[in-house]
Amino acid sequence: MAAASAAAGGAGAAAALWSEVNRCGQNGDFARALKSVNKILQINKDDVTALQCKVVCLIQNGNFKEALSVINTHTKVLTSDIIAFEKAYCEYRLNRIENALKTIQSASQQTDKLKELYGQVLYRLERYDDCLAAYRDLIRNSQDEYEEERKTNLSAVVAAQSTWEKVMPEDLGLREATYELCYNSACALIGQGKLNEAMKKLQKAEDLCRQSLSEDSDVTEEDIEAELAIIHGQMAYIMQLQGRTEDALQLYNQIIKLKPTDVGLLAVIANNIITINKDQNVFDSKKKVKLTNAEGVEHKLSKKQLQAIEFNKALLAMYTNQADQCRKLSASLQSQSPEHLLPVLIQAAQLCREKQHAKAVGLLQDFADQHPANAAEIKLTMAQLKIAQGSVTKACMILRSIEELQHKPGMVSALVTMYSHEEDIDSAIEVFTQAIQWYQKFQPKSPVHLSLIREAANFKLKHGRKKEAISDLEELWKQNPKDVHTLAQLISAYSLVDPEKAKVLSKHLPSSDTLSLKVDVDALENSHGATYVRKKAGKLTGDNQQKEQGQGDMKKKKKKKKGKLPKNYDPKVTPDPERWLPMRERSYYRGRKKGKKKDQVGKGTQGSTTAGSSELDASRTASSPPTSPRPGSAAAVSATSNVIPPRHQKPAGAPATKKKQQQKKKKGAKGGW
């Protein structure tokens, strides 16, 4: 009886605990529910329902590690069929995405919950095609209150495809009734390069967001701005792409001041600011780069976003002269993506900053040999380095080794210019010939083909290769016999080599009667290239015309003024014929008279003094100021001093000087301080 009563008591306690768990679950108090579940497990540690409830309570409280530990500890009881969703969700939240995918795929039954989680896992793994198919299947086969969220996720997948894989997004036919759908649609448009349309979508998303959040009385203006931060960040990105860097920078900084909790958003904004700063404002970039190192950033961004951030870190290290850090980062990037161009280009740029150009070229050459698919871009960089070193001929050799670009007009123009600079005309003509042969073989009717032949002919004529130029011009004329310009060039070339042939060809020129020359002479004279520009005459009517005529008559009546004569002019006296010469150069100049006292100053041997020298010694005066008074000091500007500073003092004995000194003293005393 005692054992039976104890069992009955345990069953009653468990029933009460289950009632408590049920009530707390309905109220959302999972912490209290967990305590009751733990008490139940003390009664029966292998209770499957209690273990499931414990896992759910831990997940609801955010304790994903502990929940996963409970699942892994009780694998015999909690089989994969029972607890597959909870296990996969914990792994997903702990960023163990590959493990979550394996758990989902190993489940015997694919429930709707597992399918939803499967779509999220595929999105995080950037398997966008599979993710798109998964969400389409979910939308097609489910009808509940979460349909809007599924459509939002579907539009996010399409936007990611457009942005990262450059896939043309298909029209899903989704009604953009929420700001999330509008935002995703704008992201897809950005991926297509339709920036103006994307900006309009973002503005619509902003309006919808404000409208929907303002309906909730508990939401503050700060909450609305925080929710709008991601929309404003995308607006700033569009401005940056459009070249409106000042507007973009201002908006980026406004978002940072709000201190949003999304570390991914902050990292992207900080990275974009660094790209705007480039090699300027490095101190600000060093502060912003700290935001890209926040915990959890790697789980919030795509692989391409993280890669771009790492590239910019390496470039910033280069700009701040942190050579070792730059090499370390670029080497790490190269090991992660061996085929990517940027890491090796950053390493080469760092070597060039260290004046190791030969080593940089060797590094690029090794990469080109290992990755032939990217050899063209690398060789272009190598050629640029050779040009910077002054090795133009070697640069030409590198450029000519890029077979897929040899026929391009830009490449032909660059090579011809460089060979001309080196006065290697034969090589320049060879470049023209190879390009023309390529077009004759693959694109004979291309307008580029004819353009190259004409340019080659002009080049040959310029450098005296008349016979070769004639051959090219004849080829052009054969293809278009009505081209008068080509015919004129051909006749001009033959006139230098074979005048008789030129006369024969000139018969093919149209007669002057057939030519209709419609030339606007006024437009020609007023053009920028005209050496003489005729002034435009304004129209004169009424009073203005009469005024112009009156002014014309006045100009005619004006007489030339007579030159003024000097006041002491005497018509009876013949003017001095040497009056235009300086006084010193005139024949009758005898020099100035020298005064007696002036003769005494400066005479005698070096170091000797005269009787008047004591008067010039300012140190003998009692109230003499310092010999070098500072500007602005009392000694320099005081009016009470009775002695002028030595550098302004003049020899005594000149009455005019004394009068001037007295006047200065009176003036100074009158002004005062």
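For this chain, numbers begin at 1 and follow the sequence in order.
By the 6.0 Å contact criterion, CD on Gln143 is open, its count of non-hydrogen atoms from other residues, nucleotides or ligands being 12 or less. The number of heavy-atom neighbours closer than 6.0 Å to CD of Glu222, taken from other residues, nucleotides and ligands shown, is 12 or below. By the 6.0 Å contact criterion, CD on Glu295 is open, its count of non-hydrogen atoms from other residues, nucleotides or ligands being 12 or less. In this structure, Arg124 places its CZ atom where more than 12 heavy-atom neighbours from other residues, nucleotides or ligands lie under 6.0 Å away.
Residues passing the side chain to side chain contact (heavy atoms under 4.5 Å, CB included) test with Asn272 are Tyr237, Gln240, Tyr252, Val268, Thr275, sequence neighbours excluded. Partners of Lys201 according to the salt bridge (Lys or Arg N to Asp or Glu O under 4.0 Å) rule, which considers only residues two or more places apart in sequence or in another chain, are Glu176.
Residues Glu197 and Gln192 bring no donor and acceptor atom of their side chains to less than 3.5 Å of each other. A donor-acceptor contact closer than 3.5 angstrom is absent between the side chains of Ser142 and Asp112. Defined by atom type and a distance below 3.5 Å, a donor-acceptor pair is missing between the side-chain atoms of Tyr146 and Glu116.
Separating the CG atom in Leu122 from the CG atom in Leu117 is a distance of 9.5 Å, to the nearest 0.5 Å. Atoms CD and NZ, from Gln350 and Lys359 in turn, are 11.0 Å apart once rounded to the nearest 0.5 Å. Of the inter-residue distances, the one linking Gln52 atom CD with Cys57 atom SG reads 12.0 Å to the nearest 0.5 angstrom. If you take CG on Leu315 and SG on Cys326, they are separated by 7.0 Å, rounding to the nearest 0.5 Å. Distance check: Arg150 CZ to Asn153 CG gives 9.5 Å after rounding to the nearest 0.5 Å. Between the CG atom in Asn184 and the NZ atom in Lys151 there is a gap of 14.0 Å [rounded to 0.5 Å].
A donor-acceptor contact shorter than 3.5 Å is absent between the side chain of Asp137 and the backbone of Ala134. A distance-only check finds no donor-acceptor pair linking the side chain of Asp46 to the backbone of Val77 [under 3.5 Å]. A donor-acceptor pair under 3.5 Å links the side-chain atoms of Ser19 to the main chain of Ala15, judged by distance alone. Remark: the backbone N or O of Ser302 is paired with a side-chain donor or acceptor of Gln305 at under 3.5 angstrom. With Ser162 contributing its side chain and Val158 its backbone, the two residues share no donor-acceptor pair below 3.5 Å. Here the side chain of Lys304 pairs a donor or acceptor atom with the backbone of Trp164 at under 3.5 angstrom. At least one donor-acceptor pair closer than 3.5 Å links the side chain of Ser330 to the backbone N or O of Arg327. No donor-acceptor distance shorter than 3.5 angstrom exists from the side chain of Ser332 to the backbone of Lys328, with no hydrogens or angles considered. At distances below 3.5 Å, not a single donor-acceptor pair connects side-chain atoms of Gln234 with backbone N or O atoms of Leu202. No side-chain donor-acceptor contact under 3.5 Å links Thr163 to the backbone of Ala160.
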CA sep, side-chain torsions, deciding dist, call: Lys204, Asp207, salt bridge (Lys or Arg N to Asp or Glu O under 4.0 Å): CA-CA 5 Å; Lys204 181 182 176 183; Asp207 294 339; over 6 Å; no
CA sep, side-chain torsions, deciding dist, call: Ile273, Asn253, side chain to side chain contact (heavy atoms under 4.5 Å, CB included): CA-CA 9 Å; Ile273 291 174; Asn253 286 319; 3.8 Å; yes
Intermediate values then yes/no, side chain to side chain contact (heavy atoms under 4.5 Å, CB included), Ile255 and Ile230: CA-CA 9 Å; Ile255 296 168; Ile230 191 168; over 6 Å; no
Criterion side chain to side chain contact (heavy atoms under 4.5 Å, CB included) on Leu208 and Ser212, from CA distance to verdict: CA-CA 6 Å; Leu208 287 171; Ser212 63; 5.9 Å; no
Side chain to side chain donor-acceptor pair (under 3.5 Å) between Gln334 and Gln347, intermediate numbers included: CA-CA 10 Å; Gln334 193 172 8; Gln347 290 179 47; 2.7 Å; yes
Check against side chain to side chain contact (heavy atoms under 4.5 Å, CB included), Leu228 and Tyr179: CA-CA 10 Å; Leu228 288 171; Tyr179 69 90; over 6 Å; no
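Between Ile139 and Leu154, the shortest heavy-atom distance links the atoms CD1-CD2, 3.7 Å. What you find for His232 and Glu206 is that their closest heavy atoms are NE2-OE2, 3.1 Å. Here the shortest heavy-atom pairing between Ser36 and Val21 reads CB-CG2, 3.5 Å. Minimum heavy-atom separation, Glu377 to Leu341: OE1-CD1, 3.0 Å. Closest heavy-atom contact between Gln211 and Ser214: O-OG, 3.0 Å. For Thr103 against Ala84, the heavy-atom pair with the smallest separation is CG2-O, 3.7 Å.
Using a 4.5 Å cut-off on side-chain heavy atoms (C-beta onward), His74 and Val48 make no contact. Counting only heavy atoms from C-beta outward, the side chains of Asn271 and Val289 never approach each other to under 4.5 Å. Between Met235 and Gln203, some side-chain heavy-atom pair lies under the 4.5 Å cut-off. Side-chain contact between Lys54 and Leu34 is present, with at least one heavy-atom pair separated by less than 4.5 Å. With contacts defined as side-chain heavy-atom distances shorter than 4.5 Å, the pair Ile59/Phe30 does not qualify. In this structure, Asn72 and Lys87 have side chains that are in contact, with non-hydrogen atoms separated by less than 4.5 Å. In this structure, the side chains of Arg210 and Glu225 come closer than 4.5 Å at one or more pairs of heavy atoms. Side-chain contact check for Gln443 versus Val448: every heavy-atom pair is 4.5 Å or farther apart.
A side-chain hydrogen bond (donor to acceptor under 3.5 Å, both in side chains) with Asn277 holds for exactly one of Thr245, Asn312, Asp284; it is Asp284. A ring-ring contact (aromatic ring centres under 6.0 Å, His included) with Tyr123 is found for exactly one of Tyr92, Tyr128, Tyr118, namely Tyr128.
Taking the six-membered ring where tryptophan is involved, the planes of His340 and Phe311 are tilted, since the angle between them lies from 30° to 60°.
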